[in-house]
Asker: 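Let me give you the structure first, and then I'll get to my questions.
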Amino acid sequence: MPIHTNPSPVFTSVVVLAGGVGAARFLRGLALVHDPGETTALVNTGDDTVLHGLNISPDVDTVIYTLGGAIDLERGWGLSNETWRAMESLKKYVNVRPAGSVAAPEWFNLGDKDLATHFYRTARRSEGASASEITNEIARAWGLAQQIVPMTDCDVATLLELAENCEAGVAGQQISFQEYFVKHRHCVAVRAVHFQGAEFAKPNCLNELRQAEVVIIAPSNPIVSIGPIRALAGIDSALTAQRDRVVAISPIVGGHALKGPASRMLTELGHESSALGVARLYAPIASTLIIDTVDADLADAIERQGMRCVVTNTVMSTPIIAGELARIALTSITGESR
Ligand code: FO1
């Protein structure tokens, strides 16, 4: 039963476009003010990876673990009270690994309890189950009422194209999202982002998106979290048709991302690292942008992009603040919060 901190309008269907940590925190807040049974999270899977032969879906798991109350709050990913014995045991094989082998990758940390999720996902994949079936099963195992849906059941990979003078490799080389994010700690210069396979991938939830009463673009990285979802055929046109019902939340606060490479990436790819830069990216598909109070002076410029701008606290340091942000996102569509 949602706890209504303040009255929020009752919508039946709310769809949230989601990346990892920011989206997960937002969804946790949304559950306080809106019926989780009427919430669908359409989650980025462009940063999915296969390591140790295991199918790993980081953003999906971050959303599920957060809503299940089991996320490690400090890291923002993986499970709380985790142990790392499997990772430690991997070290035994590093010395015998032949040159050129990628076996026993140590750069991506998989906790012992977290491994169970990847075992389950991989086993179900080998039985022929789709990503949405498996995600639904995992979400049910964690007791979630929300529909957690991967953006597509097809393989789509976010690839980062390295810029000139990049220590990680030669200019033009494409690396996977997890290599960029975890192996290189998102500290390498990139000059382009590609969503391999997006062109032919069938999106999930297209009808839900077309019929949603409210669509919320969570405060996730607009390029590598929301970008892969938008790259799927039909998503942007569904959002454009629903533009009046689409509200986005800027992940950029005071010119910076609270977590992750969004700010650096926006600049490297020729956008402005500010709430205004985010507004320019979302103006064709969203009627409303929610920005943080520190960015209040950008509100007029954002409205000149043809968007309604709502100014509030967007830093979700507690679930209650996230709940208030979610309530404002919902009411912004009815105009009540203006
Ligand atoms: N992020 C890290 O910075 N280092 C890791 O070793 C790491 C492991 C990991 C394992 C499972 C999982 O679901 C997520 C994990 N993440 C890790 C987070 C993840 O790679 C990123 O936060 C997302 O892909 C970006 O949204």
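Read the numbers this way: they start at 1 and go in the same order the structure lists the ligands and their atoms. When a residue number appears, it is its place in the shown sequence, counting from 1. All values reported here derive from a predicted model rather than from experimental measurement.
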Asker: Thr158 and Tyr180: side-chain donor and acceptor closer than 3.5 Å?
Answerer: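 There is no such pair (donor and acceptor under 3.5 Å, judged by atom type) between the side chains of Thr158 and Tyr180.
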Asker: Once you round to the nearest 0.5 Å, how far does OG1 of Thr135 lie from CG of Asp153?
Answerer: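 Atom-to-atom, Thr135:OG1 and Asp153:CG are 8.0 Å apart.
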Asker: Check for a donor-acceptor pair, side chain of Asp244 on one end and backbone N or O of Ser287 on the other, with a separation under 3.5 Å.
Answerer: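 Not at all, since once roles are kept as given, no pair shorter than 3.5 Å links the two residues.
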Asker: What I want to check is whether the side chains of Asp48 and Ser57 have a donor and an acceptor closer together than 3.5 Å.
Answerer: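 A pair is found: one side chain offers a donor N or O, the other an acceptor, under 3.5 Å apart.
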Asker: Specify the closest pair of heavy atoms between Ile252 and Ala262, including all atoms of both residues, with the distance to one decimal.
Answerer: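 So the minimum-distance heavy-atom pair works out to CD1-CB, 4.1 Å.
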Asker: To the nearest 0.5 angstrom, please state how far the CG atom of Leu115 sits from the CD atom of Glu82.
Answerer: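 Going from the CG atom of Leu115 to the CD atom of Glu82 covers 7.5 Å.
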Asker: Taking a 3.5 Å cut-off between nitrogen or oxygen atoms, can you list every pair linking ligand 1 to the protein, with distances?
Answerer:
unit_1: ligand 1; atom_1: 1 (N); unit_2: Trp77; atom_2: NE1; d: 3.3
unit_1: ligand 1; atom_1: 6 (O); unit_2: Asn109; atom_2: N; d: 2.9
unit_1: ligand 1; atom_1: 6 (O); unit_2: Asn109; atom_2: ND2; d: 2.9
unit_1: ligand 1; atom_1: 20 (O); unit_2: Gln178; atom_2: OE1; d: 2.7
unit_1: ligand 1; atom_1: 20 (O); unit_2: Gln178; atom_2: NE2; d: 3.4
unit_1: ligand 1; atom_1: 24 (O); unit_2: Asp47; atom_2: OD2; d: 2.8
unit_1: ligand 1; atom_1: 24 (O); unit_2: Gln178; atom_2: NE2; d: 2.9
unit_1: ligand 1; atom_1: 26 (O); unit_2: Asp59; atom_2: OD1; d: 2.7

